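First the structure, in the form of structure tokens, and then the observations on it.
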Amino acid sequence: MEEDQSRQSRGRKEKIQIKVAEGDGAGNSGMQATTFVETTGKQEERELLRLEMPSWTSPLSSVKLTPHSHKHKDKHKDREHRHKEHKKDKEKDREKSKHSNSEHKDSEKKHKEKEKTKHKDGSSEKHKDKHKDRDKEKRKEEKVRASGDAKVKKEKENGFSSPPRIKDEPEDDGYFAPPKEDIKPLKRPRDEDDADFKPKKIKTEDIKKEKKRKLEEEEDGKLKKPKSKDKDKKVPEPDSKKKKPKKEEEQKWKWADLLKHRSHVYTTKKTSPEDLRLEFVAGVRWEEERYPEGIKWKFLEHKGPVFAPPYEPLPESVKFYYDGKVMKLSPKAEEVAMFFAKMLDHEYTTKEIFRKNFFKDWRKEMTNEEKNIITNLSKCDFTQMSQYFKAQSEARKQMSKEEKLKIKEENEKILKEYGFCIMDNHRERIANFKIEPPGLFRGRGNHPKMGMLKRRIMPEDIIINCSKDAKVPSPPPGHKWKEVRHDNKVTWLVSWTENIQGSIKYIMLNPSSRIKGEKDWQKYETARRLKKCVDKIRNQYREDWKSKEMKVRQRAVALYFIDKLSLRAGNEKEEGETADTVGCCSLRVEHINLHPELDGQEYVVEFDFLGKDSIRYYNKVPVEKRVFKNLQLFMENKQPEDDLFDRLNTAILNKHLQDLMEGLTAKVFRTYNASITLQQQLKELTAPDENIPAKILSYNRANRAVAILCNHQRAPPKTFEKSMMNLQSKIDAKKEQLADARRDLKSAKADAKVMKDTKTKKVVESKKKAVQRLEEQLMKLEVQATDREENKQIALGTSKLNYLDPRISVAWCKKWGVPIEKIYNKTQREKFAWAIDMADEDYEF
DNA sequence: CCAGGTACTTAGGAGGCTACTT
DNA sequence: AAGTAGCCTCCTAAGTACCTGG
């Protein structure tokens with residue numbers, strides 16, 4: 001790894017000098033050249049090979065395993081290290097490149113000077129504006145600082161390791177593009193089926209509204225406050241919930257109808273009079289709810305948020321010591337001290353920035369007297385507080401069943417009361433009705449604000465949003481809301497401004513709600529529309545690589561990355577406010593490395609950067625020659641910390657995309673590529689005659705291909721190795737059993753041959769069955785083992801929840817007779833109710 | 001065009017819960 | 001009955017996108 005990195009850095013410096021031979025015209029099939037054409041079992045392995053990424057080894061080897069209670073801490077630490085290691089390497093790089101400076105301040109200055117001179121002469125016009133430059137300098141400073149305290153700890157990048165079973169596979173380029181359908185066109189005769197769908201508010205909301213609105217109002221009058229008992233009386237409610245008291249909540253919405261009507265597709269397929277009526281009502285209502293421009297609802301009523309429980313002061317017996325002496329803290333100071341004490345086990349309470357931020361904010365909560373005494377965090381002894389906290393959580397675990405049940409019931413009561421709202425005649429679940437409790441902020445990755453005090457939110461901070469004709473929730477006694485507004489152009493019920501970043505937080509509805517589900521559906525419909533014009537768009541950007549305009553070229557190359565690699569858009573971020581992470585448009589020169597030739601492939605771009613949540617993206621990608629040349633051009637005369645696409649940002653890119661297709665933005669490519677990959681992989685991997693567990697494995701593999709594409713990672717479970725071993729021994733045991741059973745069967749058969757009576761025959765039969773059963777069990781275990789092994793460091797959930805058109809999965813389940821519960825758990829089924837309701841087995845994305 | 005602000009989606013981790021094992 | 005593994009839910013941070021007003 002180390003070696004690799006330094007090679008990179010050397011390589012980088014040389015490469016920057018290379019002049020681009022303009023318009024060589026050799027551009028060719030490109031995409032095709034790098035994507036999968038053959039689709040055999042092998043391919044799955046190649047797919048996985050990408051996991052190889054760099055040759056990381058398991059963090060297990062270096063992190064001491066502590067059972068149970070330390071599990072999470074370690075996990076966390078692991079990410080820390082992933083991050084740190086990454087940074088560190090970069091630092092090393094940079095230092096090398098400027099004759100290594102050990103004094104931070106020094107190097108900082110030099111850096112600045114360098115920057116200045118650079119901008120005065122030469123390429124100045126290439127660089128954006130002062131603002132940006134300023135940012136860069138700041139960034140540099142920060143990095144230099146960071147390099148200072150980067151611990152010299154040998155740890156693996158990302159904590160990822162490659163699955164052993166594919167180690168012997170020939171070294172791939174590590175590149176994984178989603179299988180593009182221009183290579184292997186999907187038979188898609190049904191392209192037309194949702195042709196009418198219009199994604200944009202303007203389009204969806206301007207029809208028939210007047211007439212319908214009148215109707216709605218009538219209904220509204222009756223239904224205004226359909227509180228529980230009231231509710232069931234309303235016959236025309238298309239809401240079937242409550243009517244059938246099944247174990248799972250009956251699907252609340254006639255999704256299929258709703259969405260059908262949303263896209264102006266009317267069917268006449270009606271089964272029973274009941275259905276007919278419902279559909280009619282649904283039709284009216286849904287049309288009706290096609291509110292004018294930007295209107296999200298008509299009626300909204302809720303009970304307001306649930307506030308965090310107040311702080312309970314510590315018992316007298318729990319002492320805090322400063323400089324060895326007992327000290328009684330004021331309640332406010334004590335509360336904040338307790339936040340710190342609770343985190344004592346975490347590595348980051350040892351971090352400079354964390355401690356600094358914490359201490360500064362803590363002092364703000366102290367009385368003057370306390371402030372005078374407590375001047376040094378290192379002299380604070382929180383151990384008793386920490387122990388008290390641990391004892392408490394231990395006690396909580398040890399509670400009797402009754403006590404636990406009581407708590408559960410109380411929670412349910414709160415949920416019942418505050419967890420739901422009424423939006424347009426429906427009782428909808430709220431996602432996060434509890435206000436975030438105070439605590440110490442811990443951003444992800446290397447966050448400059450870690451340790452800051454996240455203050456307690458009071459009713460006076462809260463903005464309530466509801467409809468004018470709704471009952472306004474009452475604030476807690478003795479308090480009032482900051483504001484009550486009636487804005488039906490937004491979906492949130494409650495908002496407040498958080499004090500760390502100054503951003504606004506919202507309380508919104510659960511994914512199962514109409515408002516979220518519909519949006520979700522729209523998202524996939526947009527992606528499906530992209531499918532129809534993606535070829536055109538690809539041709540377009542390939543043309544643009546040749547443009548005379550720098551901006552256009554950059555846009556085209558960035559778009560190529562977004563399309564091919566499903567990178568995120570990469571909005572600009574405010575410097576020093578968040579961890580230094582990037583997406584496509586915000587890539588910097590230091591994040592890529594160009595290899596004219598690498599491992600037998602031409603024009604390889606090596607990506608290495610921290611993306612969202614400071615998750616590392618590392619990938620080596622062969623690109624088309626023209627892209628490569630363009631990149632060289634973009635990097636000319638730039639410093640590592642300069643923007644790669646200095647003429648581009650997400651606004652420009654999205655503006656362009658908007659022109660190419662209505663509703664198209666950068667993130668649609670991620671959705672599109674994810675879903676199309678799933679569909680394709682499912683087609684390839686599903687073997688018709690396999691049993692259900694094997695099918696599920698195939699599904700998971702397809703899902704995994706997507707997760708890899710989207711770079712959805714997780715820290716390998718700390719108990720992974722162990723649980724794997726356990727599973728293996730189970731398999732071994734099963735094998736033995738099976739062998740025994742087979743032997744029994746054999747002898748039974750022999751007996752039967754001799755005896756020829758029914759009794760022995762019966763014995764043979766039962767033995768046969770036993771063997772069969774064991775075979776199945778063994779099979780199941782083996783499948784489980786494979787699945788788990790392959791899944792070690794990949795998080796499937798994120799793509800499943802956010803990127804994969806659920807209708808693909810639903811269709812697949814229907815087609816192969818796999819129960820939907822095997823693919824989606826309860827929450828997921830709720831979220832995807834719309835898809836379950838509307839997709840049939842031949843749904844095509 | 002840009003900066004600041006707002007709304008909404010996407011993200012990984014922590015901790016709880018449950019089912020299973022011993 | 002206690003221990004444990006893995007799944008699930010909750011939590012909230014961190015993105016994207018778009019709007020507005022200068």
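Every value quoted in this text rests on a predicted model; they were computed, and no experiment measured them. Order of the sequence lines sets the chain letters (A, B, ...), proteins ahead of strands, with each chain counted from 1.
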For this session: May I ask you to say what A:Gly611 touches in the nucleic acid, namely base, sugar-phosphate or nothing, with a heavy-atom cut-off under 4.0 Å?
Result: sugar-phosphate
For this session: Answer yes or no: is there a donor N or O on one side and an acceptor on the other, between the side chain of A:Glu428 and the main chain of A:Arg514, under 3.5 Å?
Result: yes
For this session: Find the distance A:Leu493:CG to B:dC8:P and express it as a whole number of Å.
Result: 11 Å
For this session: Select one nucleotide: of C:dT12, B:dT9, C:dG15, the one nearest the side-chain heavy atoms of A:Asn432.
Result: C:dT12
For this session: Respond yes when some side-chain nitrogen or oxygen of A:Tyr803 is under 4.0 Å from OP1 or OP2 of B:dA11, and no when none is.
Result: yes
Problem set entry | Of A:Thr798 and A:Lys408, the one whose closest DNA chain B nucleotide lies more 5' | A:Thr798
Exercise. Hey, which of these two, A:Lys667 or A:Lys434, hits DNA chain C nearer its 5' end, going by closest nucleotide?
Worked result: A:Lys434
Exercise. What nucleotide, of B:dA11, C:dA17, B:dT6, holds the atom closest to the side chain of A:Asn802?
Worked result: B:dA11
Exercise. Using a cut-off of less than 4.0 Å, is there contact between a side-chain N or O of A:Lys523 and OP1 or OP2 of B:dT10?
Worked result: yes
For this session: Please determine if a side-chain N or O atom of A:His447 lies less than 4.0 Å away from the OP1 or OP2 oxygen of C:dA13.
Result: no
Problem set entry | No-H, no-angle donor-acceptor pair, A:Lys612 side chain to B:dT10 base, under 3.5 Å | yes
For this session: Using whole Å, report how far CZ of A:Arg568 lies from P of B:dG12.
Result: 7 Å
For this session: Check whether the side chains of A:Thr650 and A:Asn571 place a donor and an acceptor atom closer than 3.5 Å, and report yes or no.
Result: yes
For this session: Take A:Tyr803 and A:His712, measure what side-chain contact (heavy atoms from CB on, under 4.5 Å) needs, and give me the verdict at the end.
Result: CA-CA 11 Å; A:Tyr803 289 103; A:His712 291 143; 3.6 Å; yes
For this session: Give a yes/no answer on whether the side chain of A:Asn571 brings an N or O atom under 4.0 Å of OP1 or OP2 in C:dT16.
Result: yes
Exercise. If only side-chain N and O atoms of A:Lys296 are considered, is one of them under 4.0 Å from the OP1 or OP2 phosphate oxygen of B:dC8?
Worked result: yes
Problem set entry | A:Ala715 side chain, from C-beta outward: closest of B:dT9, B:dG13, B:dA11 | B:dG13
Exercise. Can you tell me how far C1' of B:dG13 sits from CZ of A:Arg714, to the nearest Å?
Worked result: 12 Å
Exercise. Do A:Arg588 and A:Asp643 meet the salt-bridge criterion of a basic N to acidic O distance under 4.0 Å?
Worked result: no
Exercise. Looking at the side chain of A:His346, which of B:dA14, C:dC10, B:dG12 is the nearest nucleotide?
Worked result: B:dA14
Problem set entry | B:dT6 phosphate, OP1 or OP2, under 4.0 Å from A:Ser503 side-chain N/O | no
For this session: Please report, rounded to the nearest Å, how far the P atom of B:dC8 is from the CD1 atom of A:Ile507.
Result: 14 Å
For this session: Mind checking A:Ala651 for me? I need base, sugar-phosphate or nothing, with any heavy atom below 4.0 Å counting as a touch.
Result: nothing
Problem set entry | Earlier contact from the 5' end, DNA chain C, for A:Phe441 and A:Thr827 | A:Thr827
Exercise. When the distance from CD of A:Glu436 to P of B:dG13 is rounded to whole Å, what number comes out?
Worked result: 18 Å
Exercise. If you look at every strand shown and take non-hydrogen atoms under 4.0 Å, does A:Gly570 touch a base, only sugar-phosphate, or nothing?
Worked result: sugar-phosphate
Exercise. Under 4.0 Å between a side-chain N/O of A:Asn825 and OP1 or OP2 of C:dC8, yes or no?
Worked result: yes
For this session: Give one of base, sugar-phosphate or nothing for A:Thr491, where a contact means two heavy atoms less than 4.0 Å apart.
Result: sugar-phosphate
Exercise. How many Å lie between CG on A:Leu801 and C1' on C:dC7, as a whole number?
Worked result: 14 Å
Exercise. Going by atom types only, do A:Ser467 and A:Asn488 share a side-chain donor-acceptor pair under 3.5 Å?
Worked result: no
Exercise. To the side chain of A:Lys573, which of B:dA11, B:dC8, C:dG15 is closest?
Worked result: C:dG15
Problem set entry | A:Lys454 side chain near C:dA13 phosphate (N/O to OP1/OP2, under 4.0 Å) | yes
For this session: Take the protein atom CD of A:Gln501 and the nucleotide atom C1' of C:dA13, then report the distance between them rounded to whole Å.
Result: 9 Å
Exercise. Using a distance-only test with no angle check, is there a side-chain donor-acceptor pair under 3.5 angstrom linking A:Glu409 and A:Asn411?
Worked result: no
For this session: Output the single nucleotide from B:dA7, C:dT12, B:dT9 whose closest atom is nearest the side chain of A:Arg485.
Result: B:dA7
For this session: Would you mind classifying the nucleic acid contact of A:Pro437 as base, sugar-phosphate or nothing, using non-hydrogen atoms under 4.0 angstrom?
Result: sugar-phosphate
Exercise. When A:Glu525 is tested against each of A:Lys523, A:Arg529, A:Gln522, A:Arg528 for side chain to side chain donor-acceptor pair (under 3.5 Å), which residue passes?
Worked result: A:Arg528
For this session: Could you pick out which residue, A:Arg670 or A:Lys551, lies toward the 5' side of DNA chain B when each is mapped onto its nearest nucleotide?
Result: A:Lys551
Exercise. Given atom CZ of A:Arg442 and atom P of C:dT12, what is their separation to the nearest angstrom?
Worked result: 15 Å
